[in-house]
There are 2 protein chains.
Amino acid sequence: MQTSTRDRIVVAAARLLQRQGYVGTGIKQIAQEAQATLGSVYHFFPGGKEAVAVAALRHGSEKFGTLLRESLDEADDPAEAVTACTRRLAGDLRASGWTDGCPVTAAALETLGTDSEIQRTCAEALNEWEGLIRDKLLRGGLSPEDARDLASTVLSALEGAEVTAQVNRSEEPLHAVGRQLARLVRSYEVRVETAWSPPLRPR
Amino acid sequence: MQTSTRDRIVVAAARLLQRQGYVGTGIKQIAQEAQATLGSVYHFFPGGKEAVAVAALRHGSEKFGTLLRESLDEADDPAEAVTACTRRLAGDLRASGWTDGCPVTAAALETLGTDSEIQRTCAEALNEWEGLIRDKLLRGGLSPEDARDLASTVLSALEGAEVTAQVNRSEEPLHAVGRQLARLVRSYEVRVETAWSPPLRPR
DNA sequence: ACACCTCTAGAACGAACGCTCTACCCAATG
DNA sequence: CATTGGGTAGAGCGTTCGTTCTAGAGGTGT
């Protein structure tokens with residue numbers, strides 16, 4: 001038993017929340033999947049199911065964040081970087097049998113009405129991811145205003161395409177937004193190497 | 001009591017599924033919200049909870065479809081039509097207190113692993129909506145290939161922006177994709193009226 | 001040796017779940 | 001008037017839910 005019980009609980013809960021949502025996932029199921037007992041779960045998480053979920057969502061958020069960061073670093077050009085994201089997401093999604101999509105969306109949608117910690121955790125995750133994309137765009141030379149708007153759009157499109165791909169059990173939606181987002185991003189980039197008279201920028 | 005009991009059940013179930021997902025919504029809650037009794041629910045839907053959900057999702061799908069159609073008809077220009085969509089979605093979302101987003105996403109995500117009728121119903125809804133957008137783009141003069149790719153992207157972006165807007169309780173994500181999608185769509189349109197030498201099309 | 005603390009183990013509780021069942025109301029039909 | 005059948009009403013079934021509780025295992029410090 002190399003991994004701690006707590007970690008096993010968090011990892012198992014993250015996977016189950018991603019696949020079945022918050023209400024669809026039982027504490028006992030989490031314990032079983034983590035090869036832990038109910039006592040252990042409540043020992044590490046006295047806050048009960050919600051506390052487990054928050055920890056699991058944070059874990060999933062970080063994992064997805066590094067996946068995003070890695071994909072974005074695959075290319076210097078922001079447009080290519082975005083398609084690298086969609087390619088990676090599509091591959092992982094297919095490999096999981098279309099079940100492991102965004103780690104927070106399901107839980108987020110189920111707890112919309114409430115003002116639970118879960119809600120806040122999901123919102124934080126989305127904003128953090130958007131920040132990653134925005135930074136990439138800024139490094140690519142976009143203006144702060146353009147980068148903000150575009151990053152928000154890219155994240156929304158990724159989220160939506162992930163859902164669409166899962167429901168249709170197809171990589172196509174992700175590849176489509178990959179192509180279109182690349183085109184959109186390119187429309188912002190200052191292409192100094194092109195032939196058609198780039199606008200002169202005052203030094 | 002002007003509306004039939006069956007209709008009240010479907011409408012109530014649709015609203016609850018939209019807000020709380022499939023597992024989060026109980027049959028008894030549906031009955032109560034619809035001012036019907038459990039007996040009535042099982043009388044009209046011998047298939048039980050899943051049958052109610054399928055009918056409700058179909059209802060929600062149609063309602064969202066007409067909303068989409070109306071928005072798209074607000075402008076002849078496809079780019080403007082898309083921003084009309086995001087504007088309408090943003091307004092409705094705020095008006096509902098950020099709770100009434102896409103009527104099928106929550107249920108779709110919860111039932112991903114299964115091969116239930118619910119899954120299929122959600123997939124049908126998404127594809128139908130994508131068809132509406134594609135037709136609009138085609139009417140706008142885009143090539144079939146471009147229209148297909150773009151329609152898929154637009155729908156994904158709308159779905160994702162809706163979720164992001166709900167989680168952040170803000171219209172901004174929707175407006176951002178509205179702006180960006182308009183720019184993207186415009187990049188495909190043949191602008192005969194612009195000054196910078198439009199490509200000559202053989203008559 | 002003992003007490004102490006972290007962690008494991010699972011029985012048990014009340015509440016809520018989806019669903020089945022019987023009983024009843026009431027308008028239409030013979 | 002009696003009968004039928006669509007629709008209403010809700011008690012109750014077995015199961016599962018999240019949570020609480022007590023009991024014990026295993027290691028550490030004194």
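Residue numbers start from 1 in every chain, and the chains themselves are labelled A, B, ... in the order their sequence lines are given, proteins ahead of strands. Worth knowing before you read on, the calculation uses all heavy atoms, side chains too, and leaves out hydrogens, waters and symmetry mates.
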Q) At under 4.0 Å, does any side-chain N or O of A/S40 touch on OP1 or OP2 of C/dT8? A)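 Indeed, a polar side-chain atom of A/S40 lies that close.
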Q.
Less than 4.0 angstrom between a side-chain N/O of B/T5 and OP1 or OP2 of D/dG7, yes or no?
A.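 No, because none of the side-chain N or O atoms of B/T5 sits under 4.0 Å from OP1 or OP2 of D/dG7.
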Q | ring-ring contact (aromatic ring centres under 6.0 Å, His included): pairs with one or both residues in residues 5-26 of chain B, sequence neighbours excluded | A |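 Every candidate ring-ring contact (aromatic ring centres under 6.0 Å, His included) pair involving residues 5-26 of chain B fails, so no pair, neighbours aside, qualifies.
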Expressed as a whole number of angstroms, how long is the span from [X]:[atom1] to [N]:[atom2]?
| X | N | atom1 | atom2 | answer |
| --- | --- | --- | --- | --- |
| B/H43 | D/dG10 | NE2 | C1' | 16 Å |
| B/R6 | D/dT8 | CZ | P | 12 Å |
| B/I9 | D/dG7 | CD1 | C1' | 11 Å |
| B/Q32 | D/dA9 | CD | P | 13 Å |
| A/Q35 | C/dC7 | CD | P | 19 Å |

Q) Less than 4.0 Å between a side-chain N and a carboxylate O, is that true for A/R120 and A/D115? A)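 Salt bridge absent between A/D115 and A/R120.
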Q | Carboxylate-amine/guanidinium proximity below 4.0 Å for A/R58 and A/E124 | A |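 Between A/E124 and A/R58 there is a salt bridge, with a charged N closer than 4.0 Å to a carboxylate O.
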(Q) If the condition is ring pair (Phe, Tyr, Trp, His ring centres under 6.0 Å), which residues does B/Y42 pass it with, not counting sequence neighbours? (A)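 Counting only residues at least two positions away or on another chain, B/Y42 forms no ring pair (Phe, Tyr, Trp, His ring centres under 6.0 Å).
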Q. Which residues pass the ring pair (Phe, Tyr, Trp, His ring centres under 6.0 Å) test with B/F64, sequence neighbours left out?
A.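 Ring pair (Phe, Tyr, Trp, His ring centres under 6.0 Å) list for B/F64, sorted by chain: B/W129.
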Sequence neighbours left out, what passes side-chain contact (heavy atoms from CB on, under 4.5 Å) with [X]? Give chain and number order.
| X | answer |
| --- | --- |
| A/V154 | A/V82, A/I133, A/L150, A/L158, A/L181 |
| B/Q29 | B/L16, B/Q20, B/T25 |
| A/R94 | A/W98, A/E171 |
| B/V11 | B/H59 |

Q: For nucleotides 16-23 of chain D, just jot down a letter per nucleotide in 5' to 3' order: B, S or -, based on protein non-hydrogen atoms under 4.0 Å.
A: -BBBB---
Q. For DNA chain C, what residues of residues 10-20 of chain A have any heavy atom nearer than 4.0 Å?
A.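 Going residue by residue through residues 10-20 of chain A, none turns out to have a heavy atom under 4.0 Å of DNA chain C.
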Q: Check salt bridge (charged side-chain N to carboxylate O under 4.0 Å, His left out) between A/R183 and all other residues, then give those that pass, not counting sequence neighbours.
A: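 Once residues adjacent in sequence are excluded, A/R183 has no partner under the salt bridge (charged side-chain N to carboxylate O under 4.0 Å, His left out) criterion.
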Q: Have a look at the helix from C/dA1-D/dT30 to C/dG30-D/dC1 and give the angle its two end axes make, five pairs each, rounded to 10 degrees.
A: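 So the angle between the two local helix axes works out to 20°.
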Got a list of side-chain donor-acceptor pairs under 3.5 Å for residues 173-180 of chain B, not counting sequence neighbours?
residue: B/R179; atom: NE; partner: A/D149; partner atom: OD2; Å: 2.7
residue: B/R179; atom: NH2; partner: A/D149; partner atom: OD1; Å: 2.8
residue: B/R179; atom: NH2; partner: A/D149; partner atom: OD2; Å: 3.3
residue: B/R179; atom: NH2; partner: B/E172; partner atom: OE1; Å: 3.2
residue: B/Q180; atom: OE1; partner: A/Y188; partner atom: OH; Å: 2.9
residue: B/Q180; atom: NE2; partner: A/D149; partner atom: OD2; Å: 3.2
residue: B/Q180; atom: NE2; partner: A/Y188; partner atom: OH; Å: 3.1

